[in-house]
Each structure stands twice: as C-alpha cells, then as structure tokens.
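Here is how names work: the chains are called A, B, and so on, in the same order as the sequence lines, proteins then strands, and each is numbered from 1. All heavy atoms count here, side chains included; hydrogens, waters and symmetry mates do not.
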Protein chains: 2
Amino acid sequence: MDNFSTAQENYLKTIYHLQQTAETVSTNDLAAALGTAPASITDMLKKLSKKGLVSYKAYYGCHLTAPGTDKAIGIIRRHRLWEYFLSQKLGFSWEEVHEVAEELEHVSNEKLILKLDEFLGFPRTDPHGDPIPDAKGKMVQQQQISLASLPEKKAAVVTQIGNQSPEVLEMLDEKNIAIGTRIQVIKKYPFDESMEIKTDNRHQSHITRELSQNIFIKGSS
Amino acid sequence: MDNFSTAQENYLKTIYHLQQTAETVSTNDLAAALGTAPASITDMLKKLSKKGLVSYKAYYGCHLTAPGTDKAIGIIRRHRLWEYFLSQKLGFSWEEVHEVAEELEHVSNEKLILKLDEFLGFPRTDPHGDPIPDAKGKMVQQQQISLASLPEKKAAVVTQIGNQSPEVLEMLDEKNIAIGTRIQVIKKYPFDESMEIKTDNRHQSHITRELSQNIFIKGSS
DNA sequence: ATAATAATTTAGACAAATCTAAAAATAATT
DNA sequence: AATTATTTTTAGATTTGTCTAAATTATTAT
C-alpha cells in the first residue's frame, strides 16, 4: 500500500508542481508536462484515484489528496537533497543536477534519505534556491521578490531562480549569478525594463526584464 | 543500444556472479538466484541473447559475452561504490548497505559514477572487502586465503568476507570482526576445526570452521 | 442558441516482464 | 537400452504503462 512505481511518483510530483499555479490540474497540462499522451494521463489518474492519492473527476481535472500531497513532498524532498549532494559534494554544476536527481529521487529507502540529510547538514534550499522539505514535510517558502522590483542603487542577495530551464541557467552562469550572489542595481531603463547590475564578484551585466523576473532576491542586510 | 532495464541489469549482474563458480549458468540456477520462475528466465535470455549480451543455447545454459561482461562489471562497480559511500559517508552498517545499493546501482549516469568515485577517493574495496572495478573495469582480486588456514600463534588482517548473508555479518559484528581487523590465532581445535582467536580490539572469540572459512585474510606484515 | 473548436475519454493494441501449466528435451537410474 | 526423473522450453495469460484513432463532452464564437 506504500509502494509506488517511478511513473506514479513522476505523476504525483508533476501534479504537485502544476498545482502551485492552478487549483486544479487538467489532463492536457499534465500530458504536456510529462511528455505523455493525454489518453495515458486519463488511465493513470484513474489508478491514482483508486489508490486515494488524487481526487479525479472525469473532464474536470484532478488535484492531490492529503496523502498524495505528502507523498509528492517526499519525492521533492529526495530530489532536492540529491541535487544538493550532487552540487556540493560531487561538484556538479547547477544545470546538471536536475537530470541526475530525476533518477536518484526514485530510490525510496527511508533511512537513506534521513542519513543523507544529516550528512549534508540539513540544508534548507537546493542549488536553485528551492526549499527542501524536512523529514516531516515542512518547508519554508520565502518571499518571492524578484530582481525586477529592486530599485536603483539598492543591493540584494539572490535566493532562488524561477524558470530553471537550461537556457536560463546558462545565461546566469555567463553573468556570474548564482544563489547567494550579491547584486546591486546600477541603472534601470524604463523603456524596456532592463537594468544594469553589478555583482559582488566585480562583474557588471545587462539584465533583460524577462531574466530579472526569474531572479528572486532577499534584502542584503 | 546502450540502455538497459533494471531487470536486465539484474540478470547480467547475477549471471556474472554465478559464472565465478561455473563456466556456464543454467536456467534453474539463475531462476533460484533471481527468485524468478524458470520460464521467465528463458524469455529474458532470448532477449539478452538477441542484444548480444549473453551467449545462449537452448537447454545448455548461458554465459556472458564480452560486451555483457563489461556491462556486468559496470553494474558491480556502481553497486560497490554506493556500498562504500553508504558505509563511509552515511554511517550505514555493513549488513544494511547491500539492500540500498541494489537500488542505487541502477542509476546509470556516467558522470555521477566518475564523480562519486573521485569523491570517495577511488576506493579499491567495498565494506565487505570485495574489489571495486575502476573506470576501465579493472579490479584487483587478492589472494583468497581463509582464516581456517592460518596457523596457531600467527596473525593476519581481515580483507574480505565470503558469504555475506545477514546471518554471517551478524555473527562477525558480535565478534567484533570487520574488514581491517587484525586477528591472531590463539588455539586451534583439531576435533571440530574450530579455533580461539584474539582481535586487535582486545576481544577474544571462538570461531567455528564454517565461519573461519568465510573470513579471508592477508599476512599482517 | 447553435455550430465549430478544443479537451478529454473510450476502445483497442502493444511491449516488457512476469506467471502457471503443459510439453519437450536432457540426464539419471535400473 | 528403456524408463523415470529432472530440467528447460513453449503456450497462453496477466499487469503496468504506454500508444493511436475514434467518440464524447465541454468550451468558444458566431
């Protein structure tokens, strides 16, 4: 009753993520996110529904039940702990960690994750700044203030990346921006809402609105 | 052409191990080792044979081809590196590592294993003393001298455990014997071929013939 | 409000890995 | 060498997760 296939875990995790922006998750959205045909989604939702992990009504999408949410958070916990491990201990770059963590997250030994968490020093965020749920499933979601809203002259520290696609991560690498980087706004251009910034490692860069909206920060007090 | 299912990897690994004691591996032996019905073994051997990983002739068993052997050694490498990681970094006991490594070994990212190997300091033996193949598949198999053949008064260091069943490992734990433990024979009893030994951690124990034959050693020069 | 469009589900099929029961081949025994 | 026993294979089914094509339901636009 507590054993799930890799496929099922991926469904739960993906439904959880899609639920962050919409109450209910549609069959097509899930299909797009998983790269699976909509008909297959319907089949799987019926199975997960029978198991009590999602609440599903035909033609009206689905959402996670309480047990389903717990399970999903557990998978996300594993994923992010492995990302942290790959980044901090094995020296992987932040573009690389996601793919490998996608595999490691399905290794489901309870003690392994507890010991790994301890070994890593109970980290609270992964290499992209996303919060890592603790053993009880609790995670601290910090304020989502984007770089776009930081006024001229002001400085702040990067805490999280919104869109974590390879394209975004590549740009951030080139501009020497990572989690923990201190950024100061030199000049904002109202015309296209782009900005000139300076990072703590003496780099100066031009940031478009699109990119600045995906860089989340906290005051550098 | 280079992607294998968990099931297929388990077949290759198990055939490799069974080949250590017999040239050719029979369907029934494989079935017993994998806990799978003989009919299923036949099916899978046909698939692996078509892929060129095993050489299989109906009614006459199978053995690994060169590519199959390479693949099997790769899986064993992953398994033993993870065992080392679990034991040395996460503090798992040697009875526990095998089961978890059985899952982790199927995560097949090349770079992950190279980096893990480096992170662990390129260990050459796992927690049970079994050799870990290097990135090229090479492994050093040491002399298999068992404690049973060590003469009275002589001392030696434990290098490997033969039968790694939970039963054996539990006994060794109780007698404070692990890889690296220095053992001195105090007295041998010809009647039942048991012996009295002393370990470097001041413990004295009685060892039966059965157990002594599963403790491999090297001279403590 | 009805027709066109989009989303979703059903129906039927497939591949992978397994099973049981029965048939066939090999090995052992008298 | 013939019979018995053992091992292995074949045949037919099952489960899981997937697919395509067709049917159905919901939504949007005229």
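- Among the heavy atoms of the strands lying under 4.0 Å from A:T27 are primed sugar atoms or P, OP1, OP2 only; no base atom is included.
- With hydrogens and angles left out, the side-chain atoms of B:Q160 and B:D130 include a donor and acceptor closer than 3.5 Å.
- Here B:K47 reaches the OP1 or OP2 of C:dA17: one of its side-chain N or O atoms lies under 4.0 Å away.
- Under 3.5 Å, the side chains of A:H128 and A:H98 contain no donor-acceptor pair of N or O atoms.
- Each of B:K57 and A:A39 has a nearest nucleotide on DNA chain D; the 5'-most of these lies closest to B:K57.
- Applying the 4.0 Å criterion to OP1 and OP2 of C:dA17, one finds that B:S40 has every side-chain N and O outside that range.
- When the side-chain nitrogen and oxygen atoms of B:Y56 are compared with OP1 and OP2 of D:dT9, one or more of them lie within a distance under 4.0 Å.
- Comparing C:dA24, C:dT20, D:dT18 by their closest approach to the side chain of B:A37 singles out C:dT20.
- The distance between atom CG of A:L45 and atom C1' of C:dA7, rounded to the nearest whole Å, is 14 Å.
- When the P atom of C:dA17 is taken as reference, atom CE of B:M44 falls 4 Å away, rounded to whole Å.
- What separates CG of B:D43 from C1' of D:dT10 is a distance of 9 Å, to the nearest Å.
- For the residue pair B:T6/B:E9, the side-chain donor-acceptor check at 3.5 Å is not satisfied.
- Summarising the base pairing, C:dT30 is matched to D:dA1 through a Watson-Crick or G-U wobble pair whose two defining distances lie under 3.5 Å.
- Between the CG atom of A:N28 and the P atom of C:dT5 there is a distance of 18 Å, given to the nearest Å.
- Rounded to whole angstrom, the span from the CG atom of A:L34 across to the C1' atom of D:dT18 amounts to 12 Å.
- Here the nucleotide nearest the side chain of B:P38, chosen from D:dG17, D:dT9, C:dT8, is D:dT9.
- The side chain of A:A7 lies closest to D:dT18 when the candidates are D:dT18, D:dT8, C:dT9.
- A side-chain donor-acceptor contact under 3.5 Å links B:S194 and B:D192.
- Nearest nucleotide to the side chain of A:A58, out of C:dT9, D:dC19, D:dG17: C:dT9.
- Between the P atom of D:dT18 and the NZ atom of A:K46 lies a distance of 15 Å, rounded to the nearest Å.
- Rounding to whole angstrom units, OH of residue B:Y59 and P of C:dA23 are separated by 13 Å.
- For B:S26, no side-chain nitrogen or oxygen approaches OP1 or OP2 of D:dT7 to under 4.0 Å.
- The phosphate of D:dA26 has OP1 or OP2 within less than 4.0 Å of a side-chain N or O from A:Y60.
- Distance, A:I41 CD1 to C:dA7 C1': 13 Å, rounded to whole Å.
- The pair B:D134-B:R77 fails the salt-bridge criterion, with no side-chain N (NZ, NE, NH1 or NH2) lying under 4.0 Å from an Asp/Glu carboxylate O.
- With D:dT18, C:dA27, C:dA17 as the choices, the nucleotide that has an atom nearest any side-chain atom of B:Q8 turns out to be C:dA17.
- Looking only at atom types and distance, the side chain of A:S26 has no donor-acceptor partner in the side chain of A:N28 under 3.5 Å away.
- Using a 4.0 Å cut-off, no side-chain N or O of B:Y11 falls inside it from OP1 or OP2 of C:dA16.
- Nearest nucleotide to the side chain of B:T42, out of C:dA17, C:dT9, D:dT10: D:dT10.
- Remark: A:T36 is not in phosphate contact with D:dG17, judged by side-chain N or O atoms under 4.0 Å from OP1 or OP2.
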